[in-house]
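A short worksheet on the structure shown next.
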Amino acid sequence: RGDMEQRRLSFTNRWMFNRVMLEEPICRKVIEAALGIKVGHIEYLNAEQVMEPAPTSHGIRMDVYARESGRMYDVEMQIDAEPCLGRRFRYYQSSLDVHELPQGADYDELPESFIIFICCTDPFRRGLPVYHLERTCCEMPEMEVGDGAHWIVLNAHDWGELDGGGLFDLLRYIGTGETVGALSREIDRAVTRANADRKWVGKVCAQVRAYVCVSVCEHEYVDMCVCV
């Protein structure tokens, strides 16, 4: 019990990430920092959005799913290395598209989509803090396919390669826990408020312990609870 009373969940904790990102201003600013674009008021925001393309298919649980006029966003926190990240992007994209396009609708009604994975380690081991992954024509790379789907990987491990700005502040905070700019300070205040809810923290830690018990061979529980 004494250990639980001292425990502080970090922003990278799955449940903490979801809780903090449900605050619309923070979610919007994180997306703006990640993409370098202006995001309007988010009309729909949900954590752990479940999507099952078909009753017998593999379902997915999105960390943070947001929608504004003409755009949709999926923001994922990835603590451990994901060896199949490319295929995971592919499946998440297909699930989003099936969910967004009703029967009989034309393809041009698909909203522009952004799937963002915030990774604590470099999934491609190339040392870039940001990877923009777009579908291109091999014979003519400059040609735009026009699918309206964008995949972005943020690599917090190499935050130092950035020259400053909101994304630098965000990735440095995720990688080190240090608050330097306005965005990291705002996130950290929200994390502190959530950690003050000791009943909720206790429930999260109980869920982590249960997860470890049923899935010893999976390692996503690492750093889910961080003691400081």
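Model, not experiment: these values are computed from the prediction. Below, all heavy atoms of this structure are taken into account, side chains as well, without hydrogens, waters or symmetry copies.
Under the 3.5 Å distance criterion, the side-chain polar atoms of D169 are matched with a main-chain donor or acceptor of G181. One N or O on the side chain of D122 and one on the backbone of R126 form a donor-acceptor pair closer than 3.5 Å.
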Go through the steps for E112 and R71 under the test salt bridge (charged side-chain N to carboxylate O under 4.0 Å, His left out), then give the verdict. CA-CA 5 Å; E112 188 175 17; R71 290 173 177 166; 3.6 Å; yes

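Looking only at atom types and distance, the side chain of Y173 has a donor-acceptor partner in the side chain of D188 under 3.5 Å away. H150 and E134 share a side-chain donor-acceptor pair at under 3.5 Å. Checking Q93 against S113 by side-chain atom types alone, a donor-acceptor pair falls below 3.5 Å. Between the side chains of R90 and Y92, no donor N or O sits under 3.5 Å from an acceptor N or O.
Under 4.0 Å is where a charged nitrogen must lie from a carboxylate oxygen, and between R67 and E100 at least one such pair does.
Atom CE of M140 sits in a sparse spot, with 12 or fewer heavy atoms from other residues, nucleotides or ligands closer than 6.0 Å.
Here OH of Y73 is found 13.0 Å from CG of L96. Values are rounded to the nearest 0.5 Å. We find the CG-OH distance between L101 and Y107 to be 7.5 Å, quoted to the nearest 0.5 Å.
With respect to Q78, the side chain to side chain contact (heavy atoms under 4.5 Å, CB included) criterion is satisfied by exactly one of C119, P123, C120: C119.
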